[in-house]
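The structure displayed is predicted, hence computed values, not measured ones. What's counted below: heavy atoms across the whole structure, side chains too, no hydrogens, waters or symmetry copies.
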Amino acid sequence: MQSRADIPTPALLLDLDAFESNIAKMAAHLKARGKAFRPHGKTHKCPDVAKALIEAGAIGSCVARLSEAEVFADAGIRGLLITTAVIGRDKIARAIELANKAPDTIFVVDDAQNVRDLNAAAGSRSTPVNLAIDLFFGRTGIEPGQPALELAQLIDSLPNVTFVGLQSYDGAAAHTAPFNARADRTNGSMSRAIDTKAMIEKAGIACPLVTGGSTGTYRFDSENPGMTELQPGSFVFMDIEYGQIGGPDGPEYRDFKNSLTVITTVVSRSAAFAVVDGGYKAFSTDRPFTPRPIGLGGSTYEWAGDEHGRVFLADSPRQLTVGDRVEFIPPHIDPTVNLYDNIYALRGDRVEAVWPISARGKSQ
């Protein structure tokens, strides 16, 4: 039986106890408030993780890209919501093929011509293609209110697509700090979505779905009576960035545990620092802070190139020698996961499973 010490480094380690605790907490929270649970697969890109979430009550999985959806569908996962618009002839053809295979898949749109293109490609069919309108809160989407209503009316007028609701995702709200400012930001954005839903329904078009939310805003969005489902993602693993957004009792966000770490090996030692085999290729580098060593209080990590990092031990009571293992909490979990082929799922020090990150690199 493989153990933690046998895993070749660098590698992703998943603490199954913390992972399962995170899932149970989110699932119970949303169930108690009558919200559907469609967590985002862009965090983990792993069908085994998606299946664990579905076993805990999720109705499916969000995915960021069509190619992720194709991988998840091939793994038997249904209830897919692709949160990025599918644009271009080739991708639209693939989208229709996916809709034929998994008819409950939902595609987001924010452009009238894209809607027409999807309708034309779908052709005459007994089950129309499901479209949700993506609302604009700073990135993709169409403006809430009248512009969204007019797009819903277009969808409703076409024979091969059907309007199923609104995607209301405010990405900036997820990391707004402190806690009360985050509440104000997401409550303001979601109120515009709820107002848009009311406009659409007043025009005689059903709007059963209002989906959105994040790991950072789930507390607030789940209390909003107009939201029908939430799509948090990072809560399953967590990272340094989410830990800094602030909670109700201070600057640290402690709602969920850090369950995913990167394990490295010390490959060289000098008087000043230890060198580990995890560098730019082992961690995301898109944040202004570096990975955090675990169990080495007072130590710091510094980039040392593509393949290496320096660990300055400072006043750490633990000293390192060549061959020692060091685990780190990643700065940003989503792009870190995308660097690896597998997740080693551990119960204590025993490897219970190795889960392929099957949608790694699927950004199309």
Side-chain angles (χ1 to χ4, degrees), residues 26-27 29-40 57-62 64 79-85 104 106-112 115 130-157 161-176 179-233 235 245 248 255:
M26 181 66 82
H29 181 91
L30 298 183
K31 183 178 180 180
R33 288 155 181 81
K35 305 300 182 186
F37 180 31
R38 199 190 309 255
H40 215 305
I59 63 170
S61 179
C62 290
L80 297 170
L81 167 58
I82 304 173
T83 59
T84 303
D104 63 352
I106 301 171
F107 303 88
V108 302
V109 293
D110 66 9
D111 176 79
V115 170
N130 299 311
L131 302 184
I133 292 176
D134 186 20
L135 297 179
F136 178 77
F137 295 109
R139 191 165 55 191
T140 62
I142 193 169
E143 285 288 342
Q146 187 65 29
L149 169 60
E150 291 174 3
L151 193 59
Q153 290 171 325
L154 172 63
I155 296 169
D156 191 55
S157 72
V161 292
T162 188
F163 174 71
V164 297
L166 301 172
Q167 173 171 272
S168 179
Y169 177 69
D170 183 354
H175 292 93
T176 297
F179 186 78
N180 290 337
R182 190 158 66 253
D184 291 342
R185 167 80 190 226
T186 192
N187 288 340
S189 297
M190 296 309 107
S191 68
R192 297 183 69 199
I194 304 311
D195 289 346
T196 301
K197 169 186 169 75
M199 287 181 65
I200 291 170
E201 291 181 332
K202 186 176 181 180
I205 301 171
C207 184
L209 175 71
V210 181
T211 180
S214 65
T215 296
T217 65
Y218 82 99
R219 281 178 177 245
F220 319 116
D221 299 329
S222 62
E223 302 294 345
N224 187 324
M227 299 292 293
T228 63
E229 70 173 44
L230 268 67
Q231 46 178 264
F235 75 96
I245 65 171
D255 281 26

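Atom CG of residue L80 and atom CG of residue D104 lie 7.0 Å apart, to the nearest 0.5 angstrom. For the atom pair E150 CD and E143 CD, the distance stands at 12.5 Å (nearest 0.5 Å).
Residues S168 and F137 meet the side-chain proximity criterion, which asks for heavy atoms closer than 4.5 Å. Looking only at side-chain heavy atoms (C-beta outward), L81 and V108 come within less than 4.5 Å of each other. The closest side-chain heavy-atom distance from V164 to L131 is not below 4.5 Å. Side-chain contact between H175 and S214: absent, with no pair of heavy atoms (C-beta onward) separated by less than 4.5 Å. At least one side-chain heavy atom of F163 sits less than 4.5 Å from a side-chain heavy atom of I200. Here the side chains of T186 and T176 are not in contact, with every heavy-atom distance at 4.5 Å or above. Looking at heavy atoms from C-beta onward, P144 lies out of side-chain contact with D195 at the 4.5 angstrom threshold. Considering only heavy atoms from C-beta on, V109 stays 4.5 Å or farther from D134 through its side chain.
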Candidate pair K35 and E223, rule salt bridge (charged side-chain N to carboxylate O under 4.0 Å, His left out), full reasoning: CA-CA 9 Å; K35 305 300 182 186; E223 302 294 345; over 6 Å; no
Derivation of the ring pair (Phe, Tyr, Trp, His ring centres under 6.0 Å) call for Y218 and F37: CA-CA 11 Å; Y218 82 99; F37 180 31; over 10 Å; no
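Side-chain atoms of K197 do not come within 3.5 Å of backbone N or O of L166 as any donor-acceptor pair. A donor-acceptor distance shorter than 3.5 angstrom exists from the side chain of S222 to the backbone of R219, with no hydrogens or angles considered. Formation of a donor-acceptor pair under 3.5 Å by the R192 side chain with backbone atoms of G145 is not found in this model. No side-chain donor-acceptor contact under 3.5 Å links R38 to the backbone of C62. Using a distance-only test at 3.5 Å, with no hydrogens or angles considered, a donor-acceptor pair links the side chain of T215 to the main chain of F235.
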